[in-house]
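As structure tokens, the structure follows; a few thoughts come after it.
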Amino acid sequence: NAGVTQTPKFQVLKTGQSMTLQCAQDMNHNSMYWYRQDPGMGLRLIYYSASEGTTDKGEVPNGYNVSRLNKREFSLRLESAAPSQTSVYFCASRFSGGSYNEQFFGPGTRLTVL
Amino acid sequence: GNSVTQMEGPVTLSEEAFLTINCTYTATGYPSLFWYVQYPGEGLQLLLKATKADDKGSNKGFEATYRKETTSFHLEKGSVQVSDSAVYFCALTPVSGGSYIPTFGRGTSLIVHP
């Protein structure tokens with residue numbers, strides 16, 4: 001049981017380049033989330049998927065797109081990277097159906113945009 | 001909307017000292033409350049949770065009690081260790097809304113010296 005896995009672990013991009021961050025979970029969770037973490041800002045929600053086939057914007061969606069490929073996988077795409085997108089990105093999943101279930105987080109992707 | 005306020009860090013303690021990290025929240029109804037811990041270079045992981053008023057969550061010597069009257073969920077530990085050095089996040093999940101999007105505090109960094 002691997003939990004939540006993310007690839008890559010580290011990435012350096014030049015301004016304007018594109019890339020996709022991959023996330024997968026093997027816990028049969030309905031809901032999946034993408035966050036970014038910046039110093040002093042805590043966690044900010046980029047996009048989430050409450051269930052397979054649905055996605056919704058979070059607090060900071062500009063510059064990002066997502067795909068819920070199937071129940072296991074939820075990818076985050078940067079179409080044209082900007083230095084402001086330098087951050088640590090975390091994917092999380094959760095079994096929905098009540099407020100009492102916790103989120104499970106991946107190890108993060110550390111992205112630098114030059 | 002929902003919000004979580006945590007004391008700002010860093011909190012610096014000597015080993016075996018008593019720890020309190022304050023957390024207060026604003027939410028409608030009776031949300032579920034969580035403490036997550038993030039060790040350096042890792043993702044967040046659940047430390048403890050409480051799902052109704054007066055519940056006490058506990059794990060690894062840490063405790064927090066859900067106080068509805070003061071809308072608080074303060075984290076405590078009687079004797080901290082160097083290995084407890086990490087960032088601690090308080091979070092809530094609302095009881096209504098269907099998607100149950102968690103709200104996180106900004107995190108409190110704990111540094112424990114030998």
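Quick note on labels: first sequence line is chain A, next is B, and so on, each numbered from 1.
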Please check if the distance between the ring centroids of A:Tyr35 and B:Phe104 is under 6.0 Å.
-> yes
Any salt bridge between B:Lys49 and A:Glu102, counting N to O under 4.0 Å?
-> yes
Does B:Glu63 come within less than 4.0 Å of B:Lys56, counting only side-chain N to carboxylate O?
-> yes
Going by residue number, which parts of residues 104-114 of chain A are within reach of chain B, meaning a heavy-atom gap below 4.5 Å?
-> A:Phe105, A:Gly106, A:Pro107, A:Arg110
Going hydrophobic residue to hydrophobic residue with side-chain gaps under 4.5 angstrom, can you get from A:Phe90 over to A:Trp34?
-> no
same_hphob_cluster(B:Leu47, B:Leu13) at 4.5 Å side-chain heavy-atom cutoff | yes
Answer with side chain, backbone, both or neither: which region of B:Glu8 has an atom nearer than 4.5 Å to a non-hydrogen atom of chain A?
-> neither
Sub-6.0 Å ring centroid separation between B:Tyr88 and B:Phe62 | yes
Side chain, backbone, both or neither of A:Gln37 within contact of chain B (heavy atoms, under 4.5 Å) = side chain
Salt bridge A:Asp26-A:Arg72, side-chain N to carboxylate O under 4.0 Å | no
Contact part of B:Leu46 toward chain A, heavy-atom cut-off under 4.5 Å: side chain, backbone, both or neither?
-> side chain
